[in-house]
Amino acid sequence: MRITAKIDYAVRGCLELATTYDGGFVKAESVATAQQIAAPFMLSILGDLRGAGLVESRRGADGGYRLARDPATISVADVIRAIDGPLANIAGVQPEDVDYQGSAAHLRETWVALRVAMRTVLEHVTLADVASGDLPPAATDMLAKPDAWVTRPLPGPSRQPNAQVRSPQDRLPGE
């Protein structure tokens with residue numbers, strides 16, 4: 001799964017709003033600055049989230065943006081769907097609706113299983129979970145697997161990933 005910059009920024013923006021949920025409205029510029037995201041891009045994303053009903057806005061001196069409901073009730077999947085649509089699709093088609101022939105006849109089941117795996121984490125991790133650092137077992141169980149923090153090499157002798165992800169415990173100072 002490829003996480004676009006827009007999805008990453010949207011989740012980060014929602015996390016900023018989650019940390020200020022009880023404090024009222026927050027200016028888009030403040031959200032953008034806190035997450036080091038260009039303010040015009042954050043403003044556009046907040047508009048998309050407002051259109052999806054995850055964020056509400058108010059004009060005026062005391063205006064800004066806030067989550068439309070408690071961050072404990074908004075999953076990461078909700079934010080992704082608000083920005084990018086379904087968690088899994090194949091060329092714009094839902095996995096259960098694709099039809100393959102011959103040797104690919106059972107590929108549909110693989111795509112459906114992938115969607116279930118993504119849902120297992122993304123639908124069970126809320127903005128409140130991420131903001132507090134207290135992830136549910138749906139995420140922590142996967143993070144505990146020995147190869148969770150290992151980037152797999154790309155196929156082919158000369159195709160190595162550009163960077164290897166390190167777990168927070170293994171990062172060097174300044175990373």
Side-chain angles (χ1 to χ4, degrees), residues 1-39 41-58 64-98 108-145 147-151 165-169:
M1 176 179 181
R2 189 175 297 265
I3 306 295
T4 65
K6 189 172 183 180
I7 290 172
D8 181 55
Y9 294 171
V11 174
R12 289 165 51 198
C14 284
L15 290 169
E16 279 301 311
L17 295 177
T19 62
T20 60
Y21 178 67
D22 294 326
F25 290 85
V26 179
K27 303 283 184 209
E29 296 78 20
S30 297
V31 174
T33 299
Q35 287 299 316
Q36 300 176 333
I37 299 168
F41 197 30
M42 181 52 65
L43 194 58
S44 172
I45 289 169
L46 289 169
D48 291 345
L49 293 167
R50 185 172 54 96
L54 293 181
V55 167
E56 35 187 46
S57 64
R58 179 190 297 168
Y65 294 85
R66 70 177 180 191
L67 293 177
R69 56 184 207 261
D70 188 315
T73 68
I74 301 174
S75 71
V76 173
D78 293 332
V79 179
I80 293 171
R81 288 184 182 115
I83 295 300
D84 212 29
L87 293 179
N89 70 71
I90 298 91
V93 178
Q94 297 297 314
E96 66 272 13
D97 294 333
V98 296
R108 177 176 72 168
E109 287 83 2
T110 301
W111 298 145
V112 171
L114 172 65
R115 181 178 60 189
V116 170
M118 289 189 295
R119 285 177 176 171
T120 299
V121 174
L122 299 174
E123 289 183 346
H124 293 94
V125 176
T126 69
L127 296 176
D129 296 332
V130 178
S132 70
D134 188 21
L135 299 177
T140 57
D141 290 351
M142 290 198 179
L143 291 171
K145 293 182 179 186
D147 64 347
W149 296 94
V150 176
T151 300
V165 176
R166 296 178 191 222
S167 72
Q169 306 88 290

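Throughout, residue positions are numbered sequentially from 1 according to the sequence presented.
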Colleague: Give the minimum heavy-atom separation between Phe25 and Ser57, together with the two atoms involved.
Modeller: CE2-C, 3.8 Å

Colleague: I need the minimum non-hydrogen distance between Leu17 and Val55, along with the two atoms involved.
Modeller: CD1-CG2, 4.0 Å

Colleague: Could you grab the distance from atom CD1 of Ile3 to atom CD1 of Ile80, nearest 0.5 Å is fine?
Modeller: 5.0 Å

Colleague: Return the CD to CG distance between Glu56 and Leu49, rounded to the nearest 0.5 Å.
Modeller: 12.5 Å

Colleague: I need the minimum non-hydrogen distance between Gly13 and Met42, along with the two atoms involved.
Modeller: CA-CE, 4.0 Å

Colleague: For the residue pair Ala39 and Ala32, what are the closest heavy atoms and their distance?
Modeller: CA-CB, 3.7 Å

Colleague: What's the separation between atom CD in Gln35 and atom CG in Asp8, rounded to the nearest 0.5 Å?
Modeller: 8.5 Å

Colleague: Indicate yes or no: at least one non-hydrogen side-chain atom of Leu54 is less than 4.5 angstrom from one of Leu67.
Modeller: no

Colleague: How many angstroms lie between atom CG of Leu43 and atom CD1 of Ile37, to the nearest 0.5 angstrom?
Modeller: 12.5 Å

Colleague: Any side chain to side chain donor-acceptor pair (under 3.5 Å) involving residues 17-31? Give me the pairs, sequence neighbours left out, ordered by first then second residue.
Modeller: none

Colleague: Roughly how far, to the nearest 0.5 Å, is the CG atom of Leu143 from the CH2 atom of Trp149?
Modeller: 5.5 Å

Colleague: Calculate, to the nearest 0.5 Å, the distance between atoms CG and SG belonging to Leu46 and Cys14 respectively.
Modeller: 7.5 Å

Colleague: Considering only distance and modelled atom types, tabulate donor-acceptor pairs under 3.5 Å from the side chains of residues 112-125, sequence neighbours left out.
Modeller:
from: Arg115; atom 1: NH1; to: Glu96; atom 2: OE1; distance (Å): 2.7
from: Arg115; atom 1: NH2; to: Glu96; atom 2: OE1; distance (Å): 3.0
from: Thr120; atom 1: OG1; to: Val116; atom 2: O; distance (Å): 2.8
from: Glu123; atom 1: OE2; to: Arg81; atom 2: NH1; distance (Å): 3.4
from: Glu123; atom 1: OE2; to: Arg81; atom 2: NH2; distance (Å): 2.6
from: His124; atom 1: ND1; to: Thr120; atom 2: O; distance (Å): 2.9

Colleague: Where do Ala68 and Gly53 come nearest, in terms of heavy atoms and distance?
Modeller: CB-O, 3.3 Å

Colleague: So Val76 and Thr126, side-chain contact (heavy atoms from CB on, under 4.5 Å) or not? Walk me through it.
Modeller: CA-CA 6 Å; Val76 173; Thr126 69; over 6 Å; no

Colleague: Do you know which two heavy atoms are closest between Pro95 and Ala88, and how far apart they sit?
Modeller: CD-O, 3.4 Å

Colleague: So, do Asp78 and Arg69 sit near enough that their side-chain heavy atoms are less than 4.5 Å apart?
Modeller: yes

Colleague: Quick one, Val31 and Tyr9 - any side-chain contact, counting heavy atoms below 4.5 Å?
Modeller: no

Colleague: Applying salt bridge (Lys or Arg N to Asp or Glu O under 4.0 Å), name anything that partners Asp70, two or more places apart in sequence or on another chain.
Modeller: none

Colleague: Ignoring hydrogens and angles, tell me if any N or O in the side chain of Asp48 forms a donor-acceptor pair with the backbone of Ile45 under 3.5 Å.
Modeller: no

